[in-house]
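Side chains are part of it too, since the values below use all heavy atoms of this structure and drop only hydrogens, waters and symmetry mates. Quick note on labels: first sequence line is chain A, next is B, and so on, each numbered from 1.
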Amino acid sequence: MNDPKPSAGLPARANGPRVRFAPSPTGFLHVGSARTFIFNWLFARRNRGTMILRLDDTDVERNTEASVNSIFEGLRWLGLGWDEEYKQSERLGLHRQMAEAIFQKGLAYRDFTPARSGESEQSGAQGTWLFNPGMRELSHEESDRRAAAGEPFALRYRVPRNSGREVRFVDAVYGAQAKLADDIEDFALLRSDGMPTYHLASCADDADLRISHIIRGQDHLTNTFKHILIFEAAGATPPQFAHLPLLVAPDGSKLSKRRHGPVVSVTTYRDAGFLPEAFVNFLCLLGWSPKDNREKMSREELVEAFSLEGINRANAVVNFKEEDPFDPKAVWLNAEHIRGLTVEDLSERLLPIVRGAGFDVDASKMLKVTPLIRERIKLLRDVLTAADFFFVGQLPPYDPAELIPQKGDAAMALKVLKHARDVLSQTEFQHPVLEEALRAAAQDLGIKTGQMFQPIRVAVCGRKNAPPLFETLEVLGRDTSLARIEKALQKP
RNA sequence: GGCGCUAUCGUCUAGGGGUUAGGACGGAAGAUUCUCAAUCUUCAAACCCGGGUUCGAUUCCCGGUAGCGCUACCA
């Protein structure tokens, strides 16, 4: 059921770049992860490369099936697809092989120190735990003996000490990077239960899958030095790296479910009525720019314009508020994309939402309502508040005072509605005809058109702000319109 | 603490040794209009600080500050 979907865009070339999105299934699909996926996908499509989805599920403790489902659900909604799919937990043999090879070369050592219990870390307030000489310098004999005796151990990379060695790489976004090996700790390759760590598994798979470009969050920028060391120890050529600035909350902190709630989950945007293409567009503009002032861009335009050079280096704020959970620009872009949809397309997307809310509406009715609200909704779900009166038999109660027109009184409202009833009962319910008839009616009564239309609008829609009156009447039809006017006549 | 990264309007960003520092969202005002929306016009709004280099720095260099990241047998 989780089959990779065929990707859109140019077909991949056999010798094109290979990129991967490698989420760890420990939660729902995060907006930051979605953006990373999108940038990888864009890069792959732009360069006729291959997009790979790899579940980095080596943390048995925290992985959940629900999370795997949530990630697929989110990715499916984005509708971008991928070409190959792997699960890290099914490749453990490969990881252990690489660990063993590194160990055989003497570039890693067994660490018999018992694992630190979760909380009690933060030990060396004075300095970093770079390495433990006792374990690092353990003799082969003793190391073998203790291992043979079944004592558990973690396998650690033997990072060069006092060698003056600098580990370097060139990041496509952040430029030349260098770090003294002395500042890199002896990180773990294998846990004492034999499971590979993220660093090992990730590098082993990247090498094995012939990943050419690693495009991922900037939180991995400093980890990359360790990865270079691993690739080197395994005799593999490191891929190219491109780190992405992070998405952060308005206060600059990183987005977290606990602190910021559902706005960090992709499904929240889907459920609120974002168009996937608008959401993708929005995310692209966070930390990347086409540099030509374009904002609204289609998928094709994004693919065409995308390049690593356009990626920015500073973190980007997702500008949400407590009262206003979505970034205003995301909402605006969504409205922009909605307006760009054909009536048929929009109507089809609206229908399930309207039905889901309990309204009994058929496709042809929806198709007639859609053009009246297309420019009035920002999120798909807005259809429920913008067009509800089209879908109900009876209007919910409203304040009769609303029927009174500007600079008018209850008597005028009454006069207008009575006249409207008479006119509408013998007018063809068709937009231009209705307009002509009602304008004439206003003239008859010697009032302004606004004063004429407003009471009718409220009587028929139950509110002051609504789509244009004549189109609305046409869609509503004579029976419903007259019944509602009749009902309004009982009110004041 | 150590190491690394970053710094242009409130937010997303363009730019780059000499510019009226550009665009967009949001905000304000106005036009249009049967209300709302859409659309159009206008306005307010920014180069973190301090030193250099230079005839000239927002731009280049250094320092500071602030923010973020890594510093787990998480990823």
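- Interatomic distance, A/Lys179 NZ to A/Leu229 CG, rounded to the nearest 0.5 Å: 11.0 Å.
- Rounding to whole angstrom units, CG of residue A/Asp219 and P of B/G4 are separated by 18 Å.
- No engagement by A/Pro152 is indicated, since no non-hydrogen atom pair under 4.0 Å with the nucleic acid exists.
- Relative to the side chain of A/Pro328, the nucleotides B/G69, B/G26, B/G10 differ in distance, and B/G26 lies closest.
- Taking atom CZ on A/Arg376 and atom P on B/U35, their separation rounds to 12 Å, with Å as the unit.
- Within the shown strands, B/C25 is the pairing partner of B/G10 under the Watson-Crick or G-U definition, both distances less than 3.5 Å.
- Within 4.0 Å of A/Ala316, counting heavy atoms only, lie sugar-phosphate atoms of the nucleic acid but no base atom.
- Separation of the P atoms belonging to B/C61 and B/G18 is 16 Å when rounded to the nearest angstrom.
- Taking atom C1' on both B/A45 and B/G22, the two are 14 Å apart, rounded to the nearest angstrom.
- For the pair A/Arg136 and A/Phe131, the cation-pi criterion (under 6.0 Å, within 45° of the ring axis) is fulfilled.
- Look at A/Lys291 and you'll find a side-chain N or O under 4.0 angstrom from OP1 or OP2 of B/A14.
- Nucleic acid contact class of A/Ser202 (heavy atoms, under 4.0 Å, all strands): none.
- Taking 4.0 angstrom as the limit, A/Arg156 places a side-chain polar atom (N or O) nearer than this to OP1 or OP2 of B/C73.
- No side-chain donor-acceptor contact under 3.5 Å links A/Tyr269 and A/Asn334.
- The phosphate of B/C68 has neither OP1 nor OP2 within less than 4.0 Å of any side-chain N or O from A/Lys254.
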key: Chi angles and distances behind the side-chain contact (heavy atoms from CB on, under 4.5 Å) call for A/Leu476, A/Val460   = CA-CA 9 Å; A/Leu476 245 19; A/Val460 136; 3.4 Å; yes

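- Place A/Glu336 and A/His220 on RNA chain B by their nearest nucleotides, and A/Glu336 ends up nearer the 5' end.
- Look at B/C47: it lacks any Watson-Crick or wobble partner with both distances under 3.5 angstrom.
- In terms of heavy-atom proximity, A/Gln177 sits nearest to A/Asp171 at CG-CB, 4.3 Å.
- At a threshold of 4.0 angstrom between heavy atoms, the contacts of A/Thr222 include nucleobase atoms, whether or not backbone atoms are also involved.
- The nucleotide B/G30 finds its pairing partner in B/C40, both defining distances of the Watson-Crick or G-U wobble pair being shorter than 3.5 Å.
- In this structure, A/Ile373 places its CD1 atom 16 Å from P of B/A37, rounding to the nearest Å.
- Summarising the base pairing, B/G18 is matched to B/C55 through a Watson-Crick or G-U wobble pair whose two defining distances lie under 3.5 Å.
- Among all heavy-atom pairs drawn from A/Glu309 and A/Lys291, the shortest one is O-CE, 4.1 Å.
- At B/A14, one or more side-chain N or O atoms of A/Asn312 fall inside 4.0 Å of OP1 or OP2 (strictly under the cut-off).
- Counting non-hydrogen atoms under 4.0 angstrom, A/Arg62 reaches a base of the nucleic acid.
- Within 4.0 Å of A/Gly217, counting heavy atoms only, lies no atom of the nucleic acid at all.
- B/A57 and B/U19 have their P atoms separated by 12 Å, given to the nearest Å.
- Nearest-nucleotide assignment on RNA chain B puts the 5′-proximal partner with A/Asp327, out of A/Leu190 and A/Asp327.
- Going from atom CH2 of A/Trp332 over to atom P of B/U13 covers 15 Å, rounded to whole Å.
- Taking only side-chain nitrogens and oxygens, A/Thr197 never comes nearer than 4.0 Å to OP1 or OP2 of B/A72.
- Pairing partner, B/A72: none, since no Watson-Crick or wobble contact has both distances short of 3.5 Å.
- Going from atom CD of A/Gln454 over to atom P of B/U33 covers 17 Å, rounded to whole Å.
- Spacing between B/A28 and B/A44 at atom P, rounded to whole Å, works out to 16 Å.
- One can place CG of A/Asp182 at 16 Å from P of B/G2, the figure rounded to the nearest angstrom.
- The separation of B/A46 from B/G26, taken at their C1' atoms, amounts to 15 Å, rounded to a whole angstrom.
- Only the P atoms considered, B/G1 is 32 Å distant from B/U53, to the nearest whole Å.
- A cation-pi geometry, defined here as NZ or CZ lying under 6.0 Å from the six-membered ring centre and within 45° of its normal, holds between A/Arg110 and A/Phe153.
- Remark: A/Lys378 is in phosphate contact with B/A38, judged by side-chain N or O atoms under 4.0 Å from OP1 or OP2.
- For B/U13 and B/U6, the C1' atoms lie 16 Å apart once the distance is rounded to whole Å.
- Using P as the reference atom, B/U8 and B/C3 are 25 Å apart when rounded to the nearest Å.
- Here the P atom of nucleotide B/A72 and the CG atom of A/Asn223 are 11 Å apart, to the nearest Å.
- In terms of phosphate contacts, A/Arg374 brings no side-chain nitrogen or oxygen within less than 4.0 Å of OP1 or OP2 of B/A38.
- The residue A/Ser192 sits close to a base: some heavy atom pair falls under 4.0 Å.
- Checking A/Arg91, A/Arg20, A/Arg216 one by one against A/Asp206, the salt bridge (Lys or Arg N to Asp or Glu O under 4.0 Å) holds for a single residue, A/Arg20.
- Considering only side-chain N and O atoms, A/Arg339 lies nowhere under 4.0 angstrom from the phosphate OP1 or OP2 of B/A37.
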